[in-house]
Each structure stands twice: as C-alpha cells, then as structure tokens.
Amino acid sequence: MISSLTRGLVTSDNIIACEKIMLTTLRWRMNGPTPHQYFYILKLLPSYSSTDHQLVSKLCESSHSWIETAIKDYACIPLRSSTVALSAFLNSLEDVSLQGADLLPSEARDQFIQSVSNALEVDNI
C-alpha cells in the first residue's frame, strides 16, 4: 500500500529493508515499559518474598489505582513511566500505613523504601 502511494518510486522491498534497519537500530525497543510493568519489577526485590501476602495484595490494588489516576491526568504525560510507578508505589505505602499500622510498621516501611531506592538507584526517596 505504501509503495502504491509513492506511485512506484519506492518498492515494497525498499520499505521493508528500511524498516528492518530502523528496528535493528532501535534494537526492537518500540514501546517503553508502562508504569504497571515497572510496578511488577518491584516484586523482584528481596524484601518482597518475606512480605505478608495481605500487604502485597493491598499494595498492588492501591498502586494500580494510583497509576490509573495518573495516566488519566494530562499533567502526567511528560513524566517517565518509572516516575509514575514509583510515585504510585510510595503513595500506596502511605495508603496502607493509614489503613492499618499493624500491616506495615514504620520501621518495615522505611526498610522497604530503602530497598526500592537502592534497587532503582534513586536517592532521597
């Protein structure tokens, strides 16, 4: 179709070759990770495996809610997906702390935030 739009100036083989060059140059990185995908990376942290399943469930639910709110907000468009994900995660930790202090004591929360900070190489969270 594109070849026909050029009225024969560019063949389909030329277009395919050009697309292969672009994809190879980009290393097939056509779409970056979404905030939801970054959130799942947090599950790889060592402290995740020892965390209570009820807490993890609440963090997941709250984080997804925060992410959905952010991606609907025009002001968040220029933000990096990792920034949205990390913000959602930190807001979720605060939500969980407000809902029940027994789910996540402040010392455990601080340790978890430090683990996230170290894993993502972010200073001063």
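Since the structure is predicted, the reported quantities are computational estimates derived from the model, not experimental observations.
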- Query: Rounded to the nearest 0.5 Å, how far does CD of E68 lie from CG of D73?
  - Reply: 13.0 Å
- Give a yes or no on whether the backbone of K20 and the side-chain of T24 come within a donor-acceptor separation of less than 3.5 Å. yes
- From I67 atom CD1 to S87 atom OG, the distance as rounded to the nearest 0.5 Å: 9.5 Å
- Query: Between atom CD of E19 and atom CD1 of I16, what is the distance when rounded to the nearest 0.5 Å?
  - Reply: 7.0 Å
- Under 3.5 Å, is there a donor-acceptor pair between the side chain of T83 and the main chain of L79? no
- Note on the structure: Output for pair (H64 NE2, S92 OG), nearest 0.5 Å, gives 9.0 Å
- Message: How long is the straight-line distance from CD1 of I21 back to CG of L26, given to the nearest 0.5 Å?
- Response: 12.0 Å
- Message: Which heavy atom of S3 sits nearest to which heavy atom of T11, and what is that distance?
- Response: OG-CA, 3.7 Å
- Answer yes if L86 and W66 sit in the same cluster of Ile, Leu, Val, Met, Phe, Trp and Tyr residues linked by side chain heavy atoms under 4.5 Å apart, and no otherwise. no
- Query: Quick one: OG on S81 to CD1 on I71, what's the gap to the nearest 0.5 Å?
  - Reply: 9.5 Å
